[in-house]
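A short worksheet on the structure shown next.
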Amino acid sequence: MALSVLIAVLAATAALWLAVTVRRGLAILASALVMGVAVNGMHFTGMSALSVHLHEQRGEIAGAEVGTLLVPIVLLVVFGVVGLVYALLAAPTDEDRAAAAYLDARRSPAPATAGPTTGSGPVGAAAPDSVGLRARSTLARPGAQFPSRRDRPPR
């Protein structure tokens, strides 16, 4: 069993090294074959360490029923698929990115003009957002017009 674990560690190390260094087609094919042999070697080495003993005692088999494992597996698959579909549908499109860029441009402070100032800059200027936590709302400010294709100049 220890030999199987050793083969697994060495194979994983070799796979990581090959994934980082190998870039040519034939070398990638050779490294994949080496990895396949290593995985099979680990599997059969571990299986050779297994010993099975037959017991003559007959009776009711204790253990989990079908629903005990099937229901959680089905729920996990359903929630996983729903989550992936939601992530796919919620991914921003080019129009979403354009709208966000438009709103960011509207939110950025106007160039400084001569006027009343405080110790850190003109009065009314937006405070710098050093950590990038500015709100990312698609509604911008109340009353702000959302960008439309009709507002774009003709090409």
Side-chain angles (χ1 to χ4, degrees), residues 1-47 63-155:
M1 188 65 187
L3 182 60
S4 177
V5 171
L6 179 68
I7 291 172
V9 169
L10 292 177
T13 304
L16 183 60
W17 180 78
L18 290 171
V20 172
T21 59
V22 173
R23 295 287 178 234
R24 291 182 309 225
L26 189 58
I28 291 172
L29 178 65
S31 65
L33 288 174
V34 167
M35 202 55 217
V37 169
V39 167
N40 282 317
M42 176 199 64
H43 172 75
F44 287 112
T45 303
M47 289 294 102
E65 293 187 21
V66 175
T68 308
L69 292 176
L70 190 60
V71 170
I73 290 172
V74 168
L75 287 174
L76 183 67
V77 168
V78 167
F79 284 129
V81 169
V82 167
L84 290 173
V85 168
Y86 177 75
L88 182 65
L89 293 176
T93 63
D94 290 337
E95 288 181 1
D96 294 335
R97 289 185 196 99
Y102 171 80
L103 293 174
D104 283 342
R106 297 264 323 225
R107 275 191 237 136
S108 61
T113 58
T117 61
T118 61
S120 61
V123 172
D129 186 22
S130 60
V131 240
L133 296 178
R134 215 178 321 171
R136 302 247 182 238
S137 170
T138 57
L139 298 177
R141 296 183 192 109
Q145 184 178 4
F146 195 77
S148 169
R149 289 184 178 165
R150 288 176 267 154
D151 298 337
R152 294 181 189 164
R155 291 183 181 187

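The analysis underlying the following values was restricted to heavy atoms, covering all of them including side chains, and did not include hydrogens, waters or symmetry mates.
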Identified side chain to side chain contact (heavy atoms under 4.5 Å, CB included) partner of V74 from the options L76, V77, L70:
L70

Hey, could you give me each pair passing side-chain hydrogen bond (donor to acceptor under 3.5 Å, both in side chains) that has a residue in residues 82-92? Not counting sequence neighbours.
none

Set of residues satisfying side-chain contact (heavy atoms from CB on, under 4.5 Å) with respect to P92, sequence neighbours excluded
D96, R97

Looking at residues at least two apart in the chain, or sitting in another chain, which of them share a side-chain contact (heavy atoms from CB on, under 4.5 Å) with T68?
A64, E65

Under 3.5 Å, which donor-acceptor pairs link side chains of residues 31-41 to any protein atom two or more places apart or in another chain?
| from | atom 1 | to | atom 2 | distance (Å) |
| --- | --- | --- | --- | --- |
| S31 | OG | A27 | O | 3.3 |
| S31 | OG | I28 | O | 2.8 |
| N40 | ND2 | G36 | O | 3.1 |

Taken in chain and number order and not counting sequence neighbours, the residues that satisfy side-chain contact (heavy atoms from CB on, under 4.5 Å) with V85 are V81, L89

Does R23 have any salt bridge (Lys or Arg N to Asp or Glu O under 4.0 Å) partners at least two apart in sequence or in another chain, and if so, which?
none

Qualifying residues under side chain to side chain donor-acceptor pair (under 3.5 Å), relative to T21, sequence neighbours excluded
none

Which pairs of donor and acceptor atoms, one on a side chain in residues 1-8, lie under 3.5 Å apart (sequence neighbours left out)?
| from | atom 1 | to | atom 2 | distance (Å) |
| --- | --- | --- | --- | --- |
| S4 | OG | M42 | O | 3.0 |

With sequence neighbours excluded, what pairs up with L75 under the side-chain contact (heavy atoms from CB on, under 4.5 Å) test?
V71, F79

